[in-house]
Protein chains: 2
Amino acid sequence: MSGRGELAVLLATAYRVTVDDLHRHLADVGHPGLRPAHGFAFWYLSHHDDATSVDLAAHLGVTKQAAAQLVDELDRLGYVTRGVHPRDRRARTVRLTAKGRHCVEQVVAYWADRERRWAKLVGPSDLRTVRNALRAYVADAPTGLKPRW
Amino acid sequence: MSGRGELAVLLATAYRVTVDDLHRHLADVGHPGLRPAHGFAFWYLSHHDDATSVDLAAHLGVTKQAAAQLVDELDRLGYVTRGVHPRDRRARTVRLTAKGRHCVEQVVAYWADRERRWAKLVGPSDLRTVRNALRAYVADAPTGLKPRW
DNA sequence: CGATATAGTCAAGGCGCTTGTCGATCGACA
DNA sequence: TGTCGATCGACAAGCGCCTTGACTATATCG
């Protein structure tokens with residue numbers, strides 16, 4: 001790597017490694033076969049009561065049908081349940097089950113551990129620098145290019 | 001964002017923003033409809049003469065058939081040509097055309113510009129810190145989890 | 001109240017991958 | 001040199017994760 005574009009490759013690699021290792025870890029602790037979209041959905045559902053497929057679709061940046069399919073799948077796997085919406089007879093709510101919540105907890109714990117490990121590698125001060133620099137980079141992104149999650 | 005897992009989201013967002021903006025830029029300069037796999041393929045082809053579909057497949061981490069399909073597509077779009085392999089009658093070489101090389105140049109220029117811009121946002125010293133921290137993070141990844149590109 | 005919008009569901013299609021197979025060529029070994 | 005197993009590209013079919021289209025029931029607004 002000649003140096004030019006190295007940051008791009010590092011970002012891509014870091015992201016990919018992050019995702020792959022997280023999913024390997026989740027399989028190890030009883031949650032096999034999950035993928036990034038599941039993770040983003042869990043995050044959203046863990047912060048929103050009474051979410052609907054359409055809410056989730058907007059958050060994930062996909063169509064409502066794709067979101068519904070994802071929810072179907074998570075339902076089948078036991079991570080979510082659907083129920084009657086309290087205020088809209090057309091809609092159905094999507095809620096995490098205990099299994100879904102356990103999964104979210106595992107992700108949170110995983111990330112706490114990874115950050116500790118990274119801080120030990122480069123020092124807490126440098127990790128703060130990384131965080132701030134990434135924040136600046138993302139904030140500088142052209143409008144409309146921010147992923148919704 | 002409560003702070004826990006923030007780095008994960010920042011990495012994911014930075015990566016996604018990077019890829020999206022690069023592809024928007026490439027469309028602007030005459031290369032519409034490209035996707036990340038194309039970029040990785042271009043990078044490989046620009047560093048390897050006489051590459052074959054199987055070489056590319058290994059590099060991209062996909063099957064030889066998927067790589068061949070990608071090459072078909074790039075051939076159709078005018079980014080690569082195929083030829084006789086100098087040493088193996090079974091194989092065919094894949095080479096970048098002038099259009100392909102132009103695209104690679106645009107990517108390199110794009111990244112030079114983005115890095116300059118990022119350095120201006122956070123300071124060159126902090127950007128160095130980011131680079132070193134990402135290198136450390138990636139080097140610390142569990143074996144077998146390094147993406148091939 | 002009527003017209004328009006919206007939620008979920010069902011259906012079909014597209015794209016980018018996968019696995020399987022085949023004939024031609026290669027490489028190793030006796 | 002001949003044989004056998006491996007490998008290359010190409011062809012074929014299938015799968016997963018999205019998309020668009022359509023429909024009925026419900027909601028919203030003037």
Side-chain angles (χ1 to χ4, degrees), chain A residues 12 16 19-20 23 27 31-42 44-45 48-77 79-95 147-149, chain B residues 12 16 19-20 23 26-27 32-42 44-45 48-77 79-95 147-149:
Chain A
R16 179 67 181 274
V19 170
D20 289 351
H23 288 282
H31 301 291
L34 297 177
R35 46 190 175 85
H38 294 138
F40 300 129
F42 289 159
Y44 185 80
L45 295 174
H48 298 83
D49 290 333
D50 300 330
T52 64
S53 290
V54 172
D55 296 332
L56 193 53
H59 178 68
L60 296 176
V62 297
T63 61
K64 62 178 178 175
Q65 292 96 328
Q69 283 168 20
L70 184 65
V71 171
D72 283 346
E73 185 181 15
L74 292 177
D75 189 352
R76 261 192 321 272
L77 294 171
Y79 287 106
V80 302
T81 59
R82 295 193 230 208
V84 175
H85 196 283
R87 295 177 302 280
D88 187 337
R89 297 277 299 282
R90 298 169 299 182
R92 314 200 65 199
T93 59
V94 186
R95 287 208 172 118
R148 262 147 288 209
W149 29 268
Chain B
R16 180 67 183 275
V19 169
D20 290 350
H23 289 281
L26 288 179
L34 297 177
R35 46 190 173 85
H38 295 137
F40 299 130
F42 289 158
Y44 186 79
L45 295 174
H48 298 84
D49 291 332
D50 300 330
T52 65
S53 291
V54 172
D55 296 332
L56 191 55
H59 178 68
L60 297 177
V62 297
T63 62
K64 62 180 180 175
Q65 292 95 330
Q69 284 170 20
L70 184 65
V71 171
D72 283 346
E73 186 180 12
L74 292 177
D75 189 352
R76 262 193 318 273
L77 294 171
Y79 286 106
V80 304
T81 59
R82 296 190 231 211
V84 175
H85 195 281
R87 294 178 302 280
D88 187 336
R89 298 275 299 282
R90 297 170 300 184
R92 314 199 64 200
T93 59
V94 186
R95 288 210 172 117
R148 264 148 287 209
W149 29 267

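Everything quoted here is computed from the prediction, not taken from an experiment. Letters go in sequence order (proteins before strands), and every chain restarts at 1.
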Measuring from atom CG of B/Leu60 to atom OG of B/Ser53, what distance do you get when rounded to the nearest 0.5 angstrom?
10.5 Å
Please tell me which of the listed nucleotides, D/dG21, C/dG8, C/dT25, lies nearest to the side chain of A/Arg92?
C/dG8
Can you spot which of A/His38, A/His31, A/Glu73 makes a side chain to side chain donor-acceptor pair (under 3.5 Å) with A/Tyr79?
A/His31
Between the side chain of A/His59 and the main-chain N/O of A/Asp55, is any donor-acceptor distance below 3.5 Å?
no
How long is the line joining CG of A/Asp50 and P of C/dA7, in whole Å?
15 Å
Select base, sugar-phosphate, or nothing to describe what B/Ala66 touches, counting heavy atoms under 4.0 Å on all strands.
base
May I ask you to verify if any side-chain N or O of B/Arg35 is less than 4.0 angstrom from the OP1 or OP2 atom of C/dG16?
yes
In whole Å, what is the span from the NE2 atom of A/His38 to the C1' atom of D/dC18?
13 Å
Donor/acceptor link under 3.5 angstrom from B/Gln65 side chain onto base of C/dG20:
yes
In whole Å, I'd like the distance from the CG atom of B/Asp88 to the P atom of C/dG23.
19 Å
Rounded to the nearest Å, what distance is computed from the CG atom of residue A/Asp75 to the P atom of nucleotide C/dT9?
10 Å
Below the 4.0 Å mark, does C/dT25 have OP1 or OP2 next to a side-chain nitrogen or oxygen of B/Arg89?
yes
What contact category does A/Thr63 fall into here, base, sugar-phosphate, or nothing, at under 4.0 angstrom with non-hydrogen atoms?
base
For a quick check, tell me whether the side chain of B/Gln69 and the base of D/dG9 share a donor-acceptor pair closer than 3.5 Å.
no
Roughly, in whole Å, what's the span from NZ in A/Lys64 to P in C/dA11?
16 Å
Sorted by position of nearest nucleotide on DNA chain C, 5' first, the leading residue of A/Asp72 and A/Arg90 is A/Arg90
Can you check whether A/Ala51's main-chain N or O pairs, donor with acceptor, with A/His48's side chain at less than 3.5 Å?
no
Atom CG of B/Leu74 to atom P of C/dG16: distance rounded to whole Å?
11 Å
